[in-house]
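Notes for the one structure printed next.
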There are 4 protein chains.
Amino acid sequence: MNAFAKLPQKKQVHILDAATESFAEKGYFGASIKEICQRADISNGALYKYFRNKEELYFVILKKCQDILVQQLYERHTQLNHSFKTTVRMYLEQIETLHKKYPNYIRIYANLGSNNMELFSQKMHDDFMKSGSYVISMVSEAKQRNEIPQHIDDNVLAFLLDNYFILFLYSLVSDYHEKRFRSFLRIKENEALTSKKKINFILDAIEIFMHQR
Amino acid sequence: MNAFAKLPQKKQVHILDAATESFAEKGYFGASIKEICQRADISNGALYKYFRNKEELYFVILKKCQDILVQQLYERHTQLNHSFKTTVRMYLEQIETLHKKYPNYIRIYANLGSNNMELFSQKMHDDFMKSGSYVISMVSEAKQRNEIPQHIDDNVLAFLLDNYFILFLYSLVSDYHEKRFRSFLRIKENEALTSKKKINFILDAIEIFMHQR
Amino acid sequence: MNAFAKLPQKKQVHILDAATESFAEKGYFGASIKEICQRADISNGALYKYFRNKEELYFVILKKCQDILVQQLYERHTQLNHSFKTTVRMYLEQIETLHKKYPNYIRIYANLGSNNMELFSQKMHDDFMKSGSYVISMVSEAKQRNEIPQHIDDNVLAFLLDNYFILFLYSLVSDYHEKRFRSFLRIKENEALTSKKKINFILDAIEIFMHQR
Amino acid sequence: MNAFAKLPQKKQVHILDAATESFAEKGYFGASIKEICQRADISNGALYKYFRNKEELYFVILKKCQDILVQQLYERHTQLNHSFKTTVRMYLEQIETLHKKYPNYIRIYANLGSNNMELFSQKMHDDFMKSGSYVISMVSEAKQRNEIPQHIDDNVLAFLLDNYFILFLYSLVSDYHEKRFRSFLRIKENEALTSKKKINFILDAIEIFMHQR
DNA sequence: CATGAATGAGTTTTCATTCAT
DNA sequence: CATGAATGAAAACTCATTCAT
């Protein structure tokens, strides 16, 4: 019945990667089934054997985005016992790593927050919101280790962190947010804006806000 | 382009409002020229007299989004001499007011930062980045009034503020970002998440980060 | 709004005739929009300006079938005061004439009574059932003129007549019903079965059944 | 073809019944091979081992329709020696019984007479025309028993009878012909039109036409 | 022999854009 | 200038048929 699941792992990956590439480049509405099939080296009909329709294909991809983020980003840092600052740095660096490894999946994930994607964002499990819990636990653990002033509310700090995280991620996939970073980092158009610079900027900021006197 | 400028002001507004409504509801790809023309009470051919194509129409709308934000948000607060905290609150409240007054334009602006809008965000004048300068000047003025600890870098604080601003705006138009706010504010699904709550949460956060001991 | 009605009469007829030809040849499901457009010398898109979809196009054709039958068959005989037998003969001859003039429309009408056309036969006004009233009035007028034995019930005779009429019509468009006529008229395969023969056979039958002693 | 014959009787019946159900519900064009295979509990490929293609499958079904009608309708009444009127009544009742027992086969048979089925009706053996012979022999036997006025031609009466028979059968499967019956029997829309009423109406009619003074 | 995955041409329908009036 | 009818390529999706396993 689940024709797609029966395919060899390699072929599954190949198809999802092809579709994800198209969706990342042109968006859900812009990407065409025909083009996806050509990239995936399968026939038009085959795709409809594997997925009920375009929508279902997109959901499957979103599920994979989720898996990537949950397994390779959120969960990764709970076991390791690094200092708060190191944890945050590693989290940001891991976002960049994931973006290098799965650029198209990250783009698609980022797009979930955009307009006209309600169809998808509403139906996705709130698991996507797990990001929040992970960041909150990151904060509360640091607090237990006395790395964070006690009077700073966990949610407040977690929200601040998550803002940095999400806008850093957006800057990797969106021209607009990349420019936004540039303007606050005072980096000229002809100068390179590396992820390293962004990460350092964010870490400095956190340092400043957390350890005032 | 020229043809459109020659139209009476009222008709111009009517056409842009109609198009903006369609684009906001269905997105750039989903909105159809035919539907826009019907809403705008003009003929199909007329639209193509006023704008070279769908793309140009969208650019004109983006320009108007820019104007709204620049004139009614960014510039508004430079003349008034309120305290830093009041300025920030008024800025957030003004975002909400603008969203109530021009919901469709705000949606379209918010969408610029999303994937697949590179076509537009790249070609837009960097004027959109003025947001940055305004927030930076907001900060530096406050610093001159000694409302902000001297060792806090202007850009760093401005970036933090702008993060709050932009994600607050996103939460007004995107299901995903609304949910994100909910999760950090610990608000249950059946409970209302008002803008007031969001604004207060943000202001409290800023307070905490700026005035640590 | 009603784009089709605005077309010049000639073009309207040309399009409907083309579509009717396709539908008559291949049936509702077998006929393709593309083929219809080619025959009608219009573009694919034009057809969808004129009719909402394939179904609506078919309904418009059915309406025309109705008009043809009502105006040129049913109503035609009420004004003329011929004898009963002459009226019946003229009715049958008129069926044949209509079939010669509008063979495809007649085929489509005949198809309404077939399986899988419930979608259409149910939604068509019961005007199609007017056939019954005309035949009944044909009978009752003849009875008033004492051409028909008083004890023969109007409905009973009308049903008998209408059976002949409808099966005569079917024999013009359906291979199966043509063969059926052959077998009762004892006409061999290599011999021609003209409409004249069928009509005479029917008239003789009516004569026999009405005037027994 | 040969492959199908080799299957166990039960499986053959199961497959044909499944296909017939689909064809009856959706028509020849509407029914899909996939759906038929699922109903028949066989694989897609198997079907193409048993039948060359969709067309041949339909022919085999038509052959079975023929067998049903020939063995259980036409031939059934030659051996029994009932009065003419009883024979006719039993014939009509048997049509109803067969429709109850094999509704789908009867629908398909009825559809043969409709437009766009020439492909099939032309290629079918003229055995389908045996109906005629049976009705004719029904009449001639009655005449020998002096139940029918001598001057009534066998073919003429047989045709009249067969018209009733075939239109009664059509009324069981076609919305259009059911309505037609209603209009001549003067039965309102909210009132039930039973087969009993139709049969009695037909028998009364035959009585009237055969035994005039 | 049987399977059911794969094919790809086919379906109906939409829509940005053009152009004769 | 304005119109809106016309275009036709392209969209998502289906399905009878084939063929490697």
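This structure is a prediction, so every number in the text was calculated from the model and none was measured. Numbered from 1 within each chain, the chains take letters A, B, ... in sequence-line order.
Within the structure, a side-chain polar atom (N or O) of C/Y48 is placed less than 4.0 Å from OP1 or OP2 of E/dT13. Regarding contacts with the backbone of F/dC15, every side-chain N or O of D/K34 stays at 4.0 angstrom or more from both OP1 and OP2.
Rounded to a whole Å, the CD1 atom of B/I15 is 12 Å from the C1' atom of F/dA2. Distance CZ (D/F4) to P (E/dC1): 15 Å, rounded to an integer number of Å. Per the geometry, CD belonging to D/Q38 stands 11 Å off P belonging to E/dG4, to the nearest Å. A straight line from NZ of A/K54 to P of F/dT14 spans 14 Å, rounded to a whole angstrom. What separates CZ of D/F23 from C1' of F/dA16 is a distance of 11 Å, to the nearest Å. If you measure from atom NZ of A/K26 to atom P of F/dA10, you get 11 Å, rounded to the nearest angstrom. Remark: C1' of F/dA12 and CZ of A/F29 are 13 Å apart, rounded to the nearest angstrom. If you measure from atom CD1 of B/I36 to atom C1' of E/dC15, you get 12 Å, rounded to the nearest angstrom.
By the 4.5 Å heavy-atom criterion applied to side chains, A/K11 and A/I42 are counted as neighbours. Two residues are said to be in side-chain contact when any heavy atoms from C-beta on lie closer than 4.5 Å; D/N53 and D/E56 meet this criterion. Two residues are said to be in side-chain contact when any heavy atoms from C-beta on lie closer than 4.5 Å; B/I36 and B/F23 meet this criterion. Contact annotation: the side chain of A/D17 approaches that of A/K64 to within less than 4.5 Å [non-hydrogen atoms, C-beta and beyond].
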Atom pairs under 3.5 Å: protein N/O with N/O of nucleotides 5-7 of chain E:
unit_1: E/dA6; atom_1: OP1; unit_2: A/K11; atom_2: NZ; d: 3.1
unit_1: E/dA6; atom_1: OP1; unit_2: A/Y50; atom_2: OH; d: 3.1
unit_1: E/dA6; atom_1: OP2; unit_2: A/Y50; atom_2: OH; d: 2.2
unit_1: E/dT7; atom_1: OP2; unit_2: A/S43; atom_2: N; d: 2.9
unit_1: E/dT7; atom_1: OP2; unit_2: A/S43; atom_2: OG; d: 3.0

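Here A/I33 lies in heavy-atom contact (under 4.0 Å) with sugar-phosphate atoms only.
For the pair C/E55 and C/K123, the salt-bridge criterion is met [side-chain N within less than 4.0 Å of a carboxylate O]. Taking the charged nitrogens against the carboxylate oxygens, D/E25 and D/R107 have no contact shorter than 4.0 Å, which rules out a salt bridge.
When the salt bridge (charged side-chain N to carboxylate O under 4.0 Å, His left out) test is applied to D/D67, the partners found at least two apart in sequence or on another chain are D/K63.
If you run side-chain contact (heavy atoms from CB on, under 4.5 Å) between B/C65 and each of B/I106, B/T20, B/I108, B/N104, only B/I108 comes through.
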Discussion item. For DNA chain E, please output the secondary structure as dot-bracket, reading 5' to 3'. Pairs are Watson-Crick or G-U wobble, both atom distances under 3.5 Å; mark crossing pairs with [ ], other-strand partners with |, unpaired with a dot.
Written reply: .||||||||||||||||||||
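Within the cation-pi definition used here (under 6.0 Å to the ring centroid, within 45° of the axis), D/K54 qualifies as a partner of D/Y28.
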